[in-house]
Amino acid sequence: MRNPGGLVTGEDSNDDDDDNGVFEKNALSSTGLKKELDRPSLSSSSDSFMSETRFDQCSISPLSLKGIKDAGYEKMTVVQAATLPAIVKGKDVLAKAKTGTGKTVAFLLPSIEVVVKSPPLDRDQKRPPIIVLVICPTRELATQAATEANTLLKYHPSIGVQVVIGGVRIASEQRNLQANPCQILVATPGRLKDHIENTPGFATRLMGVKVLVLDEADRLLDMGFRKDIEKIITAIPKQRQTLMFSATVPEEVRQICHAALKRDHEFINTVEEGAEDTHSKVRQMHVIAPLDKQFPLLYVILKDHIADDPDYKVIVFCTTARVTGLVAGLLGELNLNIREIHSRKGQAYRTRVSDEFRKSRGIILVTSDVSARGVDYPDVTLVIQVGLPASREQYIHRLGRTGRKGKEGEGILLLAPWEEFFLSTARDLPITEAPMPSIDPDTKKKVERALSQLDMNSKQTAYQAWLGYYNSQKKVGNDKYRLVELANEFSRSMGLDTPPAIPKLVLGKMGLRNIPGLRSK
Ligand SMILES: Nc1ncnc2c1ncn2[C@@H]1O[C@H](COP(=O)(O)OP(=O)(O)OP(=O)(O)O)[C@@H](O)[C@H]1O
């Protein structure tokens, strides 16, 4: 298998777990016309994600079929069977299908066919055109999509794939782009915009785009990315095919998707009318407990799960990168087999840990929302979400890291009593109350001791990030006085008697100057 473009270390300003206290919210306008075809559902009442259609029954080139066969795919998944006919006809498509049901192949395969049908590259061409542009919201997802593309391209040696993502020195990407003409480019939005603005000849190459794919379309169209996407769309031809895929398509996205899709696009929804957006084979539970109980509870839940399933593979989602770092430190101190991924880690490290977690059992990944969407880790047995998910959609995507390809899984959402309102925003999902795990005095002491071993800096930065995150969550952040009380409760839950001081500048940015209970420096 060929490797996607070079990966080195660094940070991406668009990562999904900003700690700077200034969080973007979903705020979509609702203008414009749309013509959508709500297809009859193609999924059966069970969670079956496979269709009866074989790949060789469709108009796919023989070399692609060989690649598919080598990848071990024989029949199409439901979303693949539902979208392929429309896409090969050249239609714009907005597709919704549950997590882990093969959306990546659904958009890659027909895109590859467009490249196959395009005139072959002229080796002497100075600026060879990029024909397919795939945009993903995170680096992990972009890298994964490129890897999948390379699998499918096994027998198409003349078709190249490259990745441009944050965290890689732009000069090395520029060299790569120069040295290896690629017809398929997979990118994160911020870095793609950088190349449009700063890489000589890149804009010309983009004028060759025939297919634009927005993976995790709803995330790419929300306020965090929307400006970048709009800019990118102006840099590619209007005459193109656009494909948008996601497991969640909130109404606001349907309203604004005309910004990228043609008026006569098809909306293909493979989630049955009235069915949940989550898998019925994944048992979803919530535990409501005050902050001072949450660290011991998390430890008990993990220990119980490990005792039940020696092949455990758990993902613990936390609200921000810094809080993730703190929780990883704590669980590591408690001798659990922990790995950690978030935006404060360099890209080379993130890639290495991600590969290791993919292959391992008996392991716990503590992570932020950089791992929430799309990342395909096989056989995850449990997903724990600690604290308020950023949205109902984000809850669904995080939960979707388990129960992939029709497998079973379990999800636990750990909330404080004042976060319980989240459940009413996800009332359509079958999240039931879990029996409260008991914390014996020894466990409590053990966790306190472990907390006392963590360095002050990680607690300070976690406190500040916690405050920034909840400040951005309307329901909590609107009452600044209450917010600070809760933040100080979080500080006590880390074993601190006095809350850490926060730089005045940061407090100003968060609109928290002069709120009693805060200390500034
Ligand atoms: N036709 C197929 N037959 C068997 N397995 C498949 C098929 N197509 C894709 N897969 C596998 O299914 C898994 C899930 O696919 P993928 O990651 O594309 O899901 P997804 O729908 O994009 O999920 P998410 O919503 O989380 O992004 C992958 O391991 C992929 O290799």
Side-chain angles (χ1 to χ4, degrees), residues 1 16 42-43 47-58 60 64-65 67-84 93-112 134-138 140-152 154 186 213-220 243-249 268-271 276-279 282 313 315 317 354-355 357-359 367 369-380 383 393-407 409 411:
M1 190 188 299
D16 254 354
L42 287 153
S43 61
D47 258 353
S48 158
F49 83 116
M50 293 307 298
S51 77
E52 283 307 311
T53 319
R54 289 193 320 272
F55 282 101
D56 59 14
Q57 290 170 289
C58 300
I60 303 289
S64 294
L65 281 176
I68 288 166
K69 198 164 170 222
D70 280 14
Y73 310 150
E74 189 195 334
K75 286 183 178 158
M76 292 191 193
T77 67
V78 169
V79 63
Q80 290 158 7
T83 53
L84 199 78
V93 165
L94 167 63
K96 174 176 166 181
K98 291 186 188 185
T99 50
T101 58
K103 291 188 283 294
T104 318
V105 171
F107 61 71
L108 282 178
L109 188 59
S111 300
I112 289 169
V134 179
I135 307 181
C136 303
T138 64
E140 274 77 13
L141 204 44
T143 310
Q144 187 179 289
T147 305
E148 185 81 89
N150 276 315
T151 306
L152 299 178
K154 186 170 173 189
V186 188
V213 179
L214 299 186
D215 188 14
E216 310 291 340
D218 55 331
R219 175 70 186 109
L220 290 175
L243 311 175
M244 294 193 189
F245 280 73
S246 186
T248 50
V249 182
I268 299 177
N269 181 3
T270 66
V271 182
E276 291 110 18
D277 288 345
T278 50
H279 294 287
V282 177
K313 184 161 172 174
I315 304 184
F317 280 103
S354 174
D355 288 345
F357 185 70
R358 184 169 283 118
K359 290 180 200 135
T367 188
D369 275 346
V370 299
S371 309
R373 284 176 176 256
V375 197
D376 187 40
Y377 295 124
D379 305 316
V380 170
V383 167
E393 282 69 36
Q394 210 64 356
Y395 169 87
I396 292 171
H397 287 278
R398 286 160 146 199
L399 181 80
R401 297 319 98 208
T402 185
R404 299 179 75 74
K405 307 214 295 182
K407 293 199 173 142

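Read the numbers this way: they start at 1 and go in the same order the structure lists the ligands and their atoms.
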- request: To the nearest 0.5 angstrom, please state how far the CG atom of L141 sits from the CZ atom of R219.
  value: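 Taking CG in L141 and CZ in R219, the distance rounds to 12.0 Å.
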message: Rounded to the nearest 0.5 Å, what separates atom CZ in R358 from atom CD in Q144?
response: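 CD of Q144 is found 5.0 Å from CZ of R358.
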Taking 4.0 angstrom as the limit and counting only heavy atoms of [X], give me the atoms of ligand 1 inside it, by number and element.
| X | result |
| --- | --- |
| G374 | 24 (P), 26 (O), 27 (O) |
| T77 | 1 (N), 2 (C), 7 (C), 8 (N) |
| R404 | 14 (C), 16 (P), 17 (O), 19 (O), 20 (P), 23 (O), 24 (P), 26 (O) |
| T101 | 19 (O), 20 (P), 21 (O) |

Look at the side chain of [X] and the backbone N and O of [Y], then say whether any donor-acceptor pair between them is shorter than 3.5 Å.
| X | Y | result |
| --- | --- | --- |
| T147 | T143 | yes |
| S246 | V249 | no |
| T151 | A71 | no |

- prompt: For ligand 1, does E216 get within less than 4.0 Å through its side chain, its backbone, both, or neither, judged by non-hydrogen atoms?
  reply: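 Just the side chain.
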- request: Please work out whether any backbone atom (N, CA, C, O) or any side-chain heavy atom from C-beta onward of F55 is under 4.0 Å from ligand 1, and answer side chain, backbone, both or neither.
  value: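 It is the side chain that touches ligand 1; the backbone stays farther off.
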Geometry only, no angles: is [X] polar-contacting ligand 1 at N/O separations under 3.5 Å?
| X | value |
| --- | --- |
| R401 | yes |
| V105 | no |
| G100 | yes |
| H397 | no |

field: salt_bridge(E74, K69) N-O dist < 4.0 Å
entry: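 No salt bridge links E74 with K69.
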- request: State plainly whether the residues D277 and K96 are in salt-bridge range, i.e. N to O under 4.0 Å.
  value: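 Answer for the salt bridge query: yes.
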message: Quick test of your reading of the structure: of F107, Y73, Y377, whose heavy atom lies closest to atom 30 (C) of ligand 1?
response: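 Ranked by closest heavy atom to atom 30 (C) of ligand 1, first place is Y73.
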message: Could you work out, for atom 25 (O) of ligand 1, the closest of K103, M50, E148, Q144 by heavy-atom distance?
response: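 It is K103 whose heavy atom sits nearest to atom 25 (O) of ligand 1.
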Taking [atom] as the reference point, the nearest protein heavy atom with its distance:
| atom | result |
| --- | --- |
| atom 28 (C) of ligand 1 | D376 OD2, 2.9 Å |
| atom 13 (C) of ligand 1 | K405 CD, 3.4 Å |
| atom 8 (N) of ligand 1 | Q80 NE2, 2.8 Å |
| atom 18 (O) of ligand 1 | T104 OG1, 2.6 Å |

- request: Using the test salt bridge (charged side-chain N to carboxylate O under 4.0 Å, His left out), find all partners of K407 that sit at least two apart in sequence or belong to another chain.
  value: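 Salt bridge (charged side-chain N to carboxylate O under 4.0 Å, His left out) list for K407, sorted by chain: D379.
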message: Which residue in the set E140, E393, E216 passes salt bridge (Lys or Arg N to Asp or Glu O under 4.0 Å) when paired with R373?
response: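 The single option meeting the salt bridge (Lys or Arg N to Asp or Glu O under 4.0 Å) with R373 is E216.
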Give the table of side-chain donor-acceptor pairs shorter than 3.5 Å for residues 99-109, with sequence neighbours excluded, one pair per line with atom names and distance.
residue : atom : partner : partner atom : Å
T101    : OG1  : K98     : O            : 2.7
K103    : NZ   : A97     : O            : 2.9
K103    : NZ   : K98     : O            : 2.9

message: Which label fits Y377 and F357: parallel for a plane angle under 30°, tilted from 30 to 60°, or perpendicular past 60°?
response: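 Answer is perpendicular, since the angle exceeds 60°.
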- prompt: Applying a strict 4.0 Å limit to heavy atoms, is K75 in contact with ligand 1?
  reply: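 Under 4.0 Å: yes for K75.
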